[in-house]
*Asks:* 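Structure below; questions to follow.
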Amino acid sequence: MRAALCPGSFDPPTNGHIDVIERAARHFDEVVAAVIANPSKEPLFSLDQRKSVLTEALAHIDNVSVDSFDGLLVDFAHSRNVTVIVKGLRAVSDYEYELQMAQMNSALLHGLDTLFLPSTPEWSFLSSSLVKQVAKYGGGVDGLVPANVAKALKEHFAGS
Ligand code: PNS
């Protein structure tokens with residue numbers, strides 16, 4: 001059984017995240033979208049909200065599940081017996097940090113490899129931070145994030 005992890009903050013998930021996970025799911029028997037419980041930046045959405053919108057947005061893919069982790073990604077990978085992490089790369093600017101993380105993870109857990117998927121050009125400008133900023137000031141994010149995420153953003157900012 002070949003399994004891969006797609007880790008992230010998913011605060012919130014964008015169409016770019018969904019695209020990378022869908023593509024990973026075509027190459028692996030099982031893909032676990034791993035939501036970090038406590039990201040370095042204070043998240044807009046709680047862990048439960050991030051997991052729940054991601055689970056709904058990935059419901060159409062049979063071999064994908066959503067889980068969460070805290071602490072080191074390598075510990076989670078080890079606990080799930082997974083040796084491959086799949087990450088999307090939007091631009092060269094992503095590469096430097098992603099390379100550093102990939103090498104650190106591999107130094108911490110021998111045999112853990114990171115595979116990079118170039119983002120689909122349609123989504124290469126997308127980031128969770130930009131989506132939050134646009135939604136905060138009332139801009140439309142339909143078509144950039146799954147419909148349930150757009151709804152959750154609208155509800156969040158309507159109530160704040
Ligand atoms: O969506 P993001 O914010 O780019 O995801 C980053 C994430 C969660 C994948 C990364 O911060 C991570 O793996 N954090 C876990 C902590 C860890 O293992 N740090 C050492 C790896 S260099």
Side-chain angles (χ1 to χ4, degrees), residues 1-41 43-131 141 143-150 152:
M1 172 80 85
R2 286 179 311 166
L5 287 184
C6 290
S9 307
F10 300 108
D11 184 45
T14 68
N15 284 353
H17 290 124
I18 304 302
D19 180 61
V20 167
I21 296 168
E22 276 173 352
R23 287 160 63 202
R26 283 186 221 130
H27 300 288
F28 290 89
D29 300 311
E30 189 195 342
V31 171
V32 180
V35 184
I36 188 162
N38 294 299
S40 45
K41 270 191 279 173
L44 182 73
F45 291 108
S46 69
L47 175 62
D48 281 349
Q49 285 172 310
R50 287 178 284 134
K51 278 178 77 178
S52 130
V53 287
L54 188 58
T55 303
E56 200 180 328
L58 294 171
H60 60 290
I61 322 175
D62 286 343
N63 57 336
V64 173
S65 60
V66 174
D67 202 347
S68 58
F69 72 102
D70 210 356
L72 291 178
L73 180 59
V74 290
D75 290 335
F76 182 68
H78 184 67
S79 74
R80 296 294 298 249
N81 229 0
V82 176
T83 58
V84 178
I85 293 167
V86 174
K87 290 289 213 65
L89 281 186
R90 289 164 299 189
V92 177
S93 50
D94 281 344
Y95 181 71
E96 212 170 321
Y97 184 52
E98 291 294 345
L99 177 67
Q100 205 181 3
M101 283 202 289
Q103 290 173 332
M104 176 60 89
N105 284 330
S106 157
L108 291 172
L109 182 59
H110 181 70
L112 183 67
D113 274 319
T114 300
L115 303 183
F116 293 120
L117 285 182
S119 84
T120 298
E122 195 182 356
W123 310 124
S124 64
F125 65 95
L126 257 185
S127 72
S128 298
S129 328
L130 279 186
V131 161
V141 293
L144 301 178
V145 295
N148 64 332
V149 171

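These numbers were taken from a predicted model, which means no experiment stands behind them.
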*Asks:* Heavy atoms only: give me the nearest L109-A77 pair and the separation to one decimal.
*Replies:*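 It is CD2-CB, 4.4 Å.
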*Asks:* Between K41 and S129, is there a side-chain heavy-atom distance shorter than 4.5 Å?
*Replies:*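 They are in contact (side-chain heavy atoms under 4.5 Å apart), so the answer is yes.
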*Asks:* Evaluate the criterion salt bridge (Lys or Arg N to Asp or Glu O under 4.0 Å) for residue pair D67 and R80; output intermediate values, then yes/no.
*Replies:* CA-CA 11 Å; D67 202 347; R80 296 294 298 249; 2.6 Å; yes
*Asks:* Taking the six-membered ring for Trp, are F116 and Y95 parallel (under 30°), tilted (30 to 60°) or perpendicular (over 60°)?
*Replies:* perpendicular
*Asks:* With rounding to the nearest 0.5 Å, note down the distance linking NE2 in H17 to CG in L58.
*Replies:* 11.0 Å
*Asks:* State, to 0.1 Å, how close G88 and V20 come at their nearest heavy-atom pair, and which atoms those are.
*Replies:* CA-CG2, 3.8 Å
*Asks:* If you apply the rule side chain to side chain contact (heavy atoms under 4.5 Å, CB included), what do you find for L89 with K87, and how did you get there?
*Replies:* CA-CA 7 Å; L89 281 186; K87 290 289 213 65; 5.9 Å; no
*Asks:* Once you round to the nearest 0.5 Å, how far does CG of L108 lie from CE of M101?
*Replies:*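 If I round to the nearest 0.5 Å, the distance is 12.5 Å.
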*Asks:* For a quick test of reading the model, state the closest non-hydrogen atom pair linking V86 to P7 and the distance between them.
*Replies:* O-CD, 3.9 Å
*Asks:* Of all the heavy-atom pairs spanning P146 and N15, show the shortest one and how long it is.
*Replies:*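 Looking at all heavy atoms of both residues, the closest pair is N-OD1, 3.2 Å.
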*Asks:* For L126, is there any backbone N or O sitting under 3.5 Å from a side-chain donor or acceptor partner on R90?
*Replies:* yes
*Asks:* Do T14 and L144 pass the side chain to side chain contact (heavy atoms under 4.5 Å, CB included) test, and can you show the C-alpha distance, the side-chain angles, and the key distance before you say yes or no?
*Replies:* CA-CA 6 Å; T14 68; L144 301 178; over 6 Å; no
*Asks:* Does any N or O in the side chain of D11 come within less than 3.5 Å of the main-chain N or O of F45, such that one atom is a donor and the other an acceptor?
*Replies:*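 Yes: the side chain of D11 pairs with the backbone of F45.
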*Asks:* Hey, is NE2 on H60 packed in by over 12 heavy atoms from elsewhere, all under 6.0 Å?
*Replies:*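 Yes - once you tally the heavy atoms of other residues, nucleotides and ligands closer than 6.0 Å, there are more than 12.
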*Asks:* Side chain to side chain contact (heavy atoms under 4.5 Å, CB included) between T83 and D113: does it pass, once the steps are laid out?
*Replies:* CA-CA 6 Å; T83 58; D113 274 319; over 6 Å; no
*Asks:* For a quick test of reading the model, state the closest non-hydrogen atom pair linking A3 to V82 and the distance between them.
*Replies:* O-CG1, 3.6 Å
*Asks:* Do the side chain of N148 and the main chain of V53 share a donor and acceptor less than 3.5 angstrom apart?
*Replies:*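 Yes, because the side chain of N148 sits within donor-acceptor range (under 3.5 Å) of the backbone of V53.
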*Asks:* Can a donor-acceptor pair be found, under 3.5 Å and without considering hydrogens, that links the side chain of N63 to the backbone of D29?
*Replies:* yes
*Asks:* Checking T114 against E98 for the side chain to side chain contact (heavy atoms under 4.5 Å, CB included) test, could you report, in this order, the C-alpha distance in whole Å, the side-chain angles of both residues, the deciding distance, and whether it holds?
*Replies:* CA-CA 9 Å; T114 300; E98 291 294 345; 5.8 Å; no
*Asks:* Check whether any side-chain N or O of R50 sits under 3.5 Å from a backbone N or O of A37 as a donor-acceptor pair, and report yes or no.
*Replies:*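 Between the backbone of A37 and the side chain of R50 there is a qualifying donor-acceptor contact (under 3.5 Å).
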*Asks:* What I'd like to find out is whether the side chain of P118 reaches to under 4.5 Å of the side chain of R23, using heavy atoms alone.
*Replies:*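 They are in contact (side-chain heavy atoms under 4.5 Å apart), so the answer is yes.
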*Asks:* Judged by atom type as modelled, is there a donor-acceptor pair below 3.5 Å linking the side chain of T120 to the main-chain atoms of W123?
*Replies:*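 No: the side chain of T120 does not pair with the backbone of W123.
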*Asks:* Could you state the interatomic distance from CD1 (I18) to CZ (F10), rounded to the nearest 0.5 Å?
*Replies:* 7.5 Å
*Asks:* To the nearest 0.5 Å, tell me how far L112 CG sits from L73 CG.
*Replies:*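 Here the rounded value is 7.0 Å.
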*Asks:* In this structure, are over 12 heavy atoms from other groups packed under 6.0 Å from D62 atom CG?
*Replies:* no
*Asks:* Look up atom CZ in F76 and atom CD1 in I85, then write down how far apart they are to the nearest 0.5 Å.
*Replies:* 10.5 Å
*Asks:* Tell me which one of V31, T55, L54, V32 satisfies side-chain contact (heavy atoms from CB on, under 4.5 Å) with V64.
*Replies:*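 Result for side-chain contact (heavy atoms from CB on, under 4.5 Å) with V64: V31.
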*Asks:* Closest approach of A33 and I21, non-hydrogen atoms and distance?
*Replies:*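 Where A33 meets I21 most closely, the heavy atoms are CB-CD1, 4.1 Å.
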